[in-house]
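To start, the structure under review is shown below, and the notes come after it.
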Amino acid sequence: MRKRRELLTALIFVSPWIVGLLLFQVYPFFKSFYYSLTDFNPIKRPELIGFKNYSWILQDKLFWKSLWNTIFFVLIGVPLDQTVALSLAVGLHGLRKSRLMRSLRGIYFFPILVPEVVMSLVWMLMLNSEFGIVNQFLEKLGFNPPAWFLSTLWAKPMIVFLRLFFVGTAMVIYLSALNEVPKEIIEASVIDGASPTRRFWKITIPMISPVILFNLIMDTIGTFQIFTEPYVITKGGPARSTYTLTMFVYTNAFEHLDMGYASAAAWLTFSMIFISTLAILYAASKKVYYGGER
Amino acid sequence: MRRIFLIIVLSLVLVIFAKSTVEIWVSWTADEFKPIKELVDKFNASQDKYEAKVLSVSDLAAKFTTALAAGNPPDLLHANDQYISPVVAMGAFMPVDNLGVDFGMFKDFVMNAVRYKGHVYGLPIKVNIFGLWWKKGVFKKAGLDPDKGPQTLDELVEYSKKLTIYNEKGELVRWGFDPLVPDWNWPYVWVFHFGGHLIDPKTGLPTIDSPQAIRAFRWVKNYVDSFGMEKAKKFRGGYGPYWSANNIFLTDKLAMFYDGDWVTYAARRYAPGVELGFTPLPSVDGKRRCYSEVDIFAIPVGAKNVEGAKAFLRFLARPENLIVLSKGQISPLKEEYTPSWFFTERKYAKMLENEMKKCQIVFCPKFPLWHLYIDEIKNAADEIQNGTESVEEALETAERNIMRRLRK
């Protein structure tokens, strides 16, 4: 009886969150699947058309182009983000708990506090071909830098670089994981004569592997949903070279007012995220060390 | 008991005599928002039945779509004539033929822009005309007649070459004319100036791969190539935002600029005292054509206070009110209905009024998939500019894509 009352009290306390989850996440999630099977605009009643939206999307060249662009961001951006975040964390960890370490940690984390739109605008100004600080610097070194965001070759990599400003969260998570690596193991390996590089690859990395996996999955999911940076900076251009899956969904829903088509695209995006996450989990299953358990 | 009775009576009185709200959504902000706010205040003071509330809404199209889907649209929406066909095709605007406004006082071409399938879908509030603008001082310095712009495409190239300045590295410092400014919304106008149509008048189908369109975009590409595509790209990368002191035209980066007449408003703000010249963008066949757009107020289907919205539109349609919203240089009203102060206060109004009489006014076509069509044209222009596709390939792809969506 007491347990039941406790459960009820707990449920009452978490109910605002549960109601929010059901109303704003679970319900729209399933409803959007229903919409993906319909011909539907904001005024018209949804009309069931089966899987036609999916079939049309798979024949839409723009969908494939946006998929390729998104995959580029995931394949190039995610490993780069994680490498930079981990490198920064290792560097900061090496400084122990000094004042310098605290200051640098604050500096690296600071861009996270700035809205992505603002960071995108700052990045645009920095890379402006006429008065941007980056181009002026490169010109002084004797290079002839291009107009980055008007070049189909450079626009995507420049957005990948912008996302490096947002590695602060991953860096902090890595830093706390590094602090949790047992000192005894490190000391034992030092006594055994292991070099710092060997210690890093054979002890540190396996010990923090669950955190690497977590950051990898979160970054992959986030990058599959990349929208703000290309939308603010290039609007998907030039020649749709930065047009991503979420822009495809957004444009079809709110500009072309084709909610059924957009819902189907959203579900395909979700499927890709789901499959990628499963693939990462499967690939990592034998590599991640969970403190004695697999 | 007596107290409760009193409260009920008081509430009833309040409900009966309360003003019903008219919610108005506009995309204007800051300085541009002031005139409509003043008119709304004037409307509220002029009667006791309705209380109009105007909201400046960013990303208006997306928010309107969401509100529409939720069954909670505003009572009045500020939109552009480009929206009419896609939104009416969706069944989202009410016709306002019986508004009780004399539509005869509007210019004929303005009314054509707001009419779709025989019905009027909004009250025209503002009209813009597009053409080639230049700063007279820049022309003078280059030894050109400051009162006369290029009249043919060959002259446009010749003027542009005379006005272009390079630095010691051979890079562009000032470009005579840029036919495709990045983030620019009107690449399709070139088709009109090469005598083509975006929609076949007979079939109602897209014709972006027509010989005229191919010729138009080939001309644009050849023009840019004559200055060097890479040089042009680098130069374009330095363009500042339009509504800023870094405006590309007002900072002399571009000597001639294809734009709407709102450029006069930007000039007043960022380069006061500057003298501007205007001519229609030259056409291949020598005909004078001017592209135009009309802003409207429309009543969305599902609006809660249709009568209030109509009352506000009737109030707005009075010439002395309507003209306040014409921040540019063109009055949507016929000359005889436009208050005389408009022509004395707006420096370029008379000149543009006369130009319009000599011009064939063209509008974007009434096409239900217009936004998708613009996207495809913009992308084709991008592909051509980047050399990733030939003119023919890019336009054929655009045509194929839009036809595929049309068949859907």
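So you know, we letter chains A, B, ... as the sequences are listed, proteins then strands, and number each from 1.
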Honestly, the part of A:Y250 sitting under 4.5 Å from a heavy atom of chain B is side chain
Note to self: Using a strict threshold of under 4.0 Å (side-chain N to carboxylate O), is an ion pair present between A:R240 and B:E389?
What the structure shows: no
Around A:M218, counting heavy atoms of other residues, nucleotides and ligands shown, do more than 12 lie under 6.0 Å from its CE? no
B:E383 bridged to A:K65 by N-O distance under 4.0 Å: yes
With chain B, the option among A:N53, A:D60, A:T152, A:L257 that has the most non-hydrogen atom pairs under 4.5 Å is A:D60
One should read off an interatomic distance between A:E255 CD and B:H371 NE2, to the nearest 0.5 angstrom, of 7.5 Å
### Message
For the NZ atom on A:K52, are there more than 12 heavy atoms of other groups (residues, nucleotides or ligands in this structure) within a distance under 6.0 Å?
### Response
no
Interatomic distance, CG@A:N252 vs CG@B:D375, rounded to 0.5 Å, equals 9.0 Å
Applying a strict 4.5 Å limit to non-hydrogen atoms, the region of A:M259 in contact with chain B is side chain
Under 4.5 Å to a heavy atom of chain A? For B:E171 that would be side chain
Checklist entry - Are there more than 12 heavy atoms of other residues, nucleotides or ligands under 6.0 Å from atom CD1 of A:I133? => result no
So CG of A:L62 and OG1 of B:T397: to nearest 0.5 Å the spacing works out to 12.0 Å
Okay, B:Y239 and chain A: the region with an atom under 4.5 Å from a heavy atom over there is backbone
When every non-hydrogen atom of A:S129 is compared with those of B:G238, the smallest separation belongs to OG-N, 3.1 Å
Open item on the list: More than 12 heavy atoms of other residues, nucleotides or ligands under 6.0 Å from CZ of A:F161: yes or no?
Closed with: no
Under 4.5 Å to a heavy atom of chain B? For A:N41 that would be side chain
Exercise. Mind checking whether A:D258 and B:R405 have side chains closer than 4.5 Å, heavy atoms only?
Worked result: yes
Cut-off 4.5 Å, heavy atoms of chain B, and the answer for A:S241 is neither
Between B:K169 and A:N144, does a side chain to side chain donor-acceptor pair (under 3.5 Å) hold up when you go through it step by step? CA-CA 11 Å; B:K169 285 190 226 161; A:N144 185 19; over 6 Å; no
Most contact-rich option vs chain B, by heavy-atom pairs under 4.5 angstrom, among A:P238, A:G132, A:A239, is A:A239
d(A:Y243 OH, B:N379 CG) to nearest 0.5 Å is 9.5 Å
Taken to the nearest 0.5 Å, the spacing of A:W56 CH2 from B:R404 CZ works out to 9.5 Å
Thinking salt bridges, do A:E130 and B:K253 make one under a 4.0 Å N-O criterion?
-> yes
Checked B:E376, B:Q385, B:K378 vs chain A; the most non-hydrogen pairs under 4.5 Å come from B:E376
Would B:R236 pass as a cation-pi partner of A:F149, given that its NZ or CZ must be under 6.0 Å from the six-membered ring centre and within 45 degrees of the axis?
no
Taking OH in B:Y166 as the centre, count heavy atoms belonging to other residues, nucleotides or ligands within less than 6.0 Å. Is the count above 12? yes
